Peer 1: 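Sharing a structure here in C-alpha cells format.
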Amino acid sequence: MEREKRTKGITLISLVVTVIILLILAGIGIGMVTGENGLLRKAIQIREKTNIEDYRDTIELNRGRPEIESGANGINSKKYMDMYEEELRNEKKLEDASITRVDEGKIRVATKEGYVYYVTKDKTEYIGKQGKGEVPTVNSSNTKVKITPSEWTKGKVRITIETTENTEGYELQYSIDKGRTWRRYPNEGFEIEDNGVAIYARIINNLEEYNGTASATVGNIDRLPPTSVSFTEKHTTKSITVTASATDA
C-alpha cells in the first residue's frame, strides 16, 4: 500500500514538471513567432520590402518610351519627364496611385499602400511610407480659394489660394479634376475659362500626407447672348433717352 502511494506521488510531480516545461516552451514559441524580432514580423517586413521593390521596378520599366525618344530625337529633360509622367499615369499597376508633378524634373508617386517615391530623369528614390506625419490642417476657415473677378464676366477668371497656415517645409497644391491629380500651386495663381470647374486646395508634406481640403467652384462666367432685348424711348425738346432691358439666357 505504501509503495502504491509513493508511485502516485512521483507521477503527479512528473505531470506538474511536464506542464511547466510545456508552458515555458509555448512562451518561447509565441515569442519567436510574434515578438519584435519574431517570424511573423520578419515575414511582414519581407513582404513589405518586396512590395516596395515591385513598385520601384514598375516605375523604372515605364522609362522605356522616354528613353527611346531621348536616344532617337535628343529630347530635353522637360519633354522626357512629360512623356514619363504620361506613361506612369497609364500604368495599370499605378491606377490607384497619386502621381504629382513636383516640378519640371521631378514626379512624386504615392501608391495606394502609402509607399512614396521621387522620380527624376536619372533615378527612382523611395522616400518612405505614409503614416502619422505632421501636416497643417486645411479647412474653409483658414484657407480660401478665391475667384477673380467674383462678379459676372465673359472672360477667364483667375484662381488664387490664400492660407493662414504655415506652409514652410510643406507644399501647397491644387486640383481641378476632383482630386484625381494634383499640381504645385504657382504663386501667381492660374486661370480657368469655363463654369463648373471645382478647385480643391491642400497642404502636403514630402510623403504626400495631408489633413483636409478647401474648395470653390467657378460659376460666374457668362458668354451667352440675352434671349431678348427691348428698348424704351423718352424724349423732351432738348434730349432723347433710350433705355434697354435684356432677358438673360
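No hydrogens, no waters, no symmetry mates; every other heavy atom, side chains included, goes into these values. These numbers come from a predicted model, not from an experiment.
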Peer 1: Measuring only between side-chain heavy atoms, which start at C-beta, is M81 closer than 4.5 Å to I107?
Peer 2: yes

Peer 1: Using 0.5 Å steps for rounding, measure from the CG atom of N195 to the CG atom of D222.
Peer 2: 8.0 Å

Peer 1: May I have the list of side-chain donor-acceptor pairs in residues 200-208 shorter than 3.5 Å, sequence neighbours left out?
Peer 2:
residue	atom	partner	partner atom	Å
R202	NE	Q173	OE1	2.8
R202	NH2	Q173	OE1	2.9
N205	OD1	L207	N	3.0
N205	OD1	E208	N	3.2
N205	OD1	E209	N	2.9
N205	ND2	E209	OE1	2.8
E208	OE1	T100	OG1	3.0
E208	OE1	R108	NE	2.8
E208	OE2	S98	OG	2.2

Peer 1: Tell me, please, which residues at least two apart from Y170 pass ring-ring contact (aromatic ring centres under 6.0 Å, His included).
Peer 2: none

Peer 1: May I have all residue pairs that pass salt bridge (Lys or Arg N to Asp or Glu O under 4.0 Å) and include part of residues 137-152, sequence neighbours excluded?
Peer 2: K146-E162

Peer 1: Got a sec, which residues hit ring-ring contact (aromatic ring centres under 6.0 Å, His included) with Y117, two or more places apart in sequence or on another chain?
Peer 2: Y126

Peer 1: What residues, two or more places apart in sequence or in another chain, satisfy side-chain hydrogen bond (donor to acceptor under 3.5 Å, both in side chains) together with E48?
Peer 2: Y115, K129

Peer 1: Could you tell me which residues satisfy side-chain hydrogen bond (donor to acceptor under 3.5 Å, both in side chains) with R89, sequence neighbours excluded, listed by chain and number?
Peer 2: E85

Peer 1: Taking ring-ring contact (aromatic ring centres under 6.0 Å, His included) as the definition, give me every residue that meets it alongside Y118, ordered by chain and number, with sequence neighbours left out.
Peer 2: none

Peer 1: What residues form a side-chain hydrogen bond (donor to acceptor under 3.5 Å, both in side chains) with T50, not counting sequence neighbours?
Peer 2: none

Peer 1: Against Y55, only a single residue in V116, T124, L94 fulfils side-chain contact (heavy atoms from CB on, under 4.5 Å); can you say which?
Peer 2: L94

Peer 1: Applying ring-ring contact (aromatic ring centres under 6.0 Å, His included), which residue pairs with at least one partner in residues 67-89 are found, sequence neighbours left out?
Peer 2: none

Peer 1: Using the test salt bridge (Lys or Arg N to Asp or Glu O under 4.0 Å), find all partners of D54 that sit at least two apart in sequence or belong to another chain.
Peer 2: none

Peer 1: Cluster question for you: counting only ILVMFWY and a side-chain heavy-atom cut-off of under 4.5 Å, with indirect links fine, are Y210 and V109 together?
Peer 2: no

Peer 1: Look at the rings of F190 and Y185 and say which category their plane angle falls in: under 30° parallel, 30 to 60° tilted, over 60° perpendicular.
Peer 2: perpendicular

Peer 1: Please list, chain by chain and in numerical order, all residues satisfying side-chain contact (heavy atoms from CB on, under 4.5 Å) with E125, sequence neighbours excluded.
Peer 2: K123, I127

Peer 1: Does a salt bridge link E69 with K79, judged by any charged N lying under 4.0 Å from a carboxylate O?
Peer 2: no

Peer 1: Can you tell me how far CD1 of I99 sits from CZ of R180, rounded to the nearest 0.5 angstrom?
Peer 2: 8.0 Å

Peer 1: Just how far is it from atom CD1 of I221 to atom NZ of K154, taken to the nearest 0.5 Å?
Peer 2: 13.0 Å

Peer 1: side-chain hydrogen bond (donor to acceptor under 3.5 Å, both in side chains) with T153: which residues, sequence neighbours excluded?
Peer 2: none

Peer 1: Heavy atoms, side chains only, cut-off 4.5 Å: are K93 and T111 in contact?
Peer 2: no

